[in-house]
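Since the structure comes first, as structure tokens, the remarks are kept for the end.
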Amino acid sequence: MRSNKASIHTILCGAALLGTGQGTHATEVYPLSDPANSGKWIYNSVVSDEFDAPTIDEDRWYIVGKFEDGKPVYKHPDNPHKKVWKGRAPSQFSGRNYRLEDGKLILETRWEPDFPFTNEIRVPVFGEAMPHENITTACFISRKPFKYGYIEIKSKAADAEVSSAFWSMGEGLEFDFFELFGSHREAGKEDKDRELWWSIRDWDKLRGKPTYTERKDLGFRVADDFHVYGIEWDETGVKYYVDGKLFTSVTAEEATRWARENREVLDDYDGYVATKPIYLWLDQETFPWAGLPESKEDLERNSPPGEKDDGVVDFAIEYVRVWQKAG
């Protein structure tokens, strides 16, 4: 895969030459579900990332909770007066919880009781109020928005009772591409580690409740290996691909019908709220209602031999790619 990614890097670096009659001999890469590019997709090099550089491009990503003077700081570089979410308690975002390794971004969940956790206890929209303690996670937010296109990620979820998430936020909108729960030990819920959970949420009128959501069995454990998740998104609806094959879909009309049937809304409510520019998020969270690691040993229960004593579990991301259409 490294040679393939290197070819993409060559293309992007040479893209400016195409307009001057100079080209590149590298082969362009398109969505896994559309290798012939029948959709006429154009790679968005501003928001995509191959994670092949020696450092994170911080003009592309906001790393939440970077340290200053020994403490994490939660200040958005593009909107310093905006309230920055510190993560779902009991976990807290730390700007130290990532590394670049073998052409991949690795987001880390750590058992870290000595971390300088905030004393703030907020009442969340979903779940109970809890202190931030013991567990730190990672969060990257894209600094440039886009609207509509084909969004693809190749990743492997952390094999622990934490979520590995790829999602987005827009004005009054949340679009969750996936929240994968790598491991689950509660009797009767073991299939959570095979489940795709994705949603479209309305923060303007429904305080973040889904206007459309699905939970479906993927047929594999999300923490066992890398898989490619692709989302084709436009004004007519969403098509969801897994490993290049259509997995599920919803039209704008179907999303609206679902919202009207499952939410207390007016008869003319438009449930397809995914119609605004979005910013991408990569993060990990604790879901207290789904189970929590209660110790370092508990967090690393499924870690491979030789890695059970470092207090770290990994959400590995090989790339994030976005294509759009001209015009």
Side-chain angles (χ1 to χ4, degrees), residues 47-49 51 56-58 60-67 72-78 82-100 104-112 115 117-118 122 124-127 130 132 134-145 151-170 173-183 196-199 201 203 208 222-223 229 231 278-290 292-293 299 312-320 322:
V47 295
S48 302
D49 205 330
F51 302 115
I56 290 295
D57 180 357
E58 294 190 48
R60 189 184 309 266
W61 298 103
Y62 164 40
I63 304 171
V64 180
K66 289 196 71 176
F67 270 62
V73 175
Y74 301 90
K75 183 170 69 174
H76 198 292
D78 302 313
K82 179 182 179 180
K83 181 81 172 178
V84 174
W85 188 43
K86 297 181 177 69
R88 190 182 307 281
S91 63
Q92 184 171 324
F93 295 143
S94 166
R96 302 186 300 200
N97 284 34
Y98 75 93
R99 66 188 190 273
L100 291 167
K104 302 177 184 66
L105 171 65
I106 312 296
L107 300 187
E108 302 174 345
T109 293
R110 300 181 182 178
W111 186 263
E112 199 171 3
F115 185 83
F117 289 99
T118 178
R122 299 181 64 187
V125 175
F126 307 105
M130 300 178 70
H132 293 270
N134 295 325
I135 300 169
T136 58
T137 56
C139 179
F140 279 45
I141 305 173
S142 67
R143 294 182 63 180
K144 303 296 182 183
I151 304 144
E152 187 175 279
I153 183 172
K154 185 174 183 180
S155 65
K156 181 171 70 169
D159 200 345
E161 283 189 310
V162 295
S163 77
S164 299
F166 180 42
W167 55 297
S168 61
M169 292 291 292
L173 156 71
E174 179 178 337
F175 191 174
D176 300 331
F177 308 126
F178 63 61
E179 291 174 299
L180 305 177
F181 209 65
S183 176
L196 173 71
W197 181 17
W198 75 278
S199 308
R201 298 173 181 268
W203 282 96
V222 296
Y229 305 86
I231 301 94
I278 59 172
Y279 294 84
L280 299 177
W281 288 57
L282 294 162
D283 76 6
Q284 294 165 292
E285 301 176 36
T286 49
F287 286 176
W289 59 85
L292 285 172
L299 175 68
V312 179
V313 294
D314 297 338
F315 170 27
I317 301 145
E318 187 162 314
Y319 61 74
V320 171
V322 175

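No experiment lies behind these values; they were computed from the predicted model shown.
Taking the six-membered ring where the residue is Trp, the centroids of F115 and F93 are separated by 6.0 Å or more. Taking the centre of each ring, W197 and F181 stay at or above the 6.0 Å mark.
Of the candidates I317, I106, I56, Y98 forms a side-chain contact (heavy atoms from CB on, under 4.5 Å) with just one, namely I56.
Using a 4.5 Å heavy-atom threshold, the side chains of K156 and K104 count as separate. Using a 4.5 Å cut-off on side-chain heavy atoms (C-beta onward), R110 and S94 make no contact. Counting only heavy atoms from C-beta outward, the side chains of F178 and I153 approach each other to under 4.5 Å. For the pair T109/I135, a side-chain contact is recorded, criterion being any heavy-atom separation below 4.5 Å from C-beta on. F51 is not listed as a side-chain neighbour of E318, based on a closest heavy-atom distance of 4.5 Å or more. W198 has its side chain out of reach of Y229: every pair of non-hydrogen atoms, C-beta onward, lies at least 4.5 Å apart. A 4.5 Å side-chain heavy-atom check between S91 and V162 finds every atom pair outside the cut-off. The closest side-chain heavy-atom distance from F177 to L280 is below 4.5 Å.
Going from atom CG of D159 over to atom OG of S164 covers 9.5 Å, rounded to the nearest 0.5 Å. Taken to the nearest 0.5 Å, the OG1 atom of T286 stands 11.0 Å off from the CD atom of E161. Atoms OG and CG, on S155 and L282 in that order, are 8.5 Å from each other to the nearest 0.5 Å. Rounding to the nearest 0.5 Å places OH of Y62 at 6.5 Å from NE2 of H76. The structure places NZ of K75 at 12.5 Å from NZ of K66, a figure rounded to the nearest 0.5 Å. Atom CZ of F315 and atom OG1 of T137 lie 11.5 Å apart (nearest 0.5 Å).
Here the closest heavy-atom approach between residue Q284 and residue V313 is recorded as NE2-O, 4.1 Å. Between E58 and R143 the shortest heavy-atom distance is O-NH1, 2.6 Å. Nearest heavy-atom pair, N97 versus A138, reported as atom, atom and distance to 0.1 Å: O-CB, 3.1 Å. Counting all heavy atoms, side chain and backbone alike, P72 lies closest to Q92 at CG-NE2, 4.2 Å. Counting all heavy atoms, side chain and backbone alike, L299 lies closest to A160 at O-CB, 3.5 Å. When all heavy atoms of W281 and S168 are compared, the closest pair comes out as CD1-CA, 4.0 Å.
With sequence neighbours excluded, the residues that form a side-chain contact (heavy atoms from CB on, under 4.5 Å) with P288 are R88, P90, M130, L292. Here W61 pairs with D49 under the side chain to side chain donor-acceptor pair (under 3.5 Å) rule; sequence neighbours left out.
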Trace of the side-chain contact (heavy atoms from CB on, under 4.5 Å) decision for D78 with Y279: CA-CA 12 Å; D78 302 313; Y279 294 84; over 6 Å; no
Please step through side-chain hydrogen bond (donor to acceptor under 3.5 Å, both in side chains) for the pair E179 and W167, ending with a clear verdict. CA-CA 8 Å; E179 291 174 299; W167 55 297; 5.9 Å; no
side-chain contact (heavy atoms from CB on, under 4.5 Å) evaluation trace for E152 with Y319: CA-CA 8 Å; E152 187 175 279; Y319 61 74; 2.9 Å; yes
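At least one donor-acceptor pair closer than 3.5 Å links the side chain of S163 to the backbone N or O of E285.
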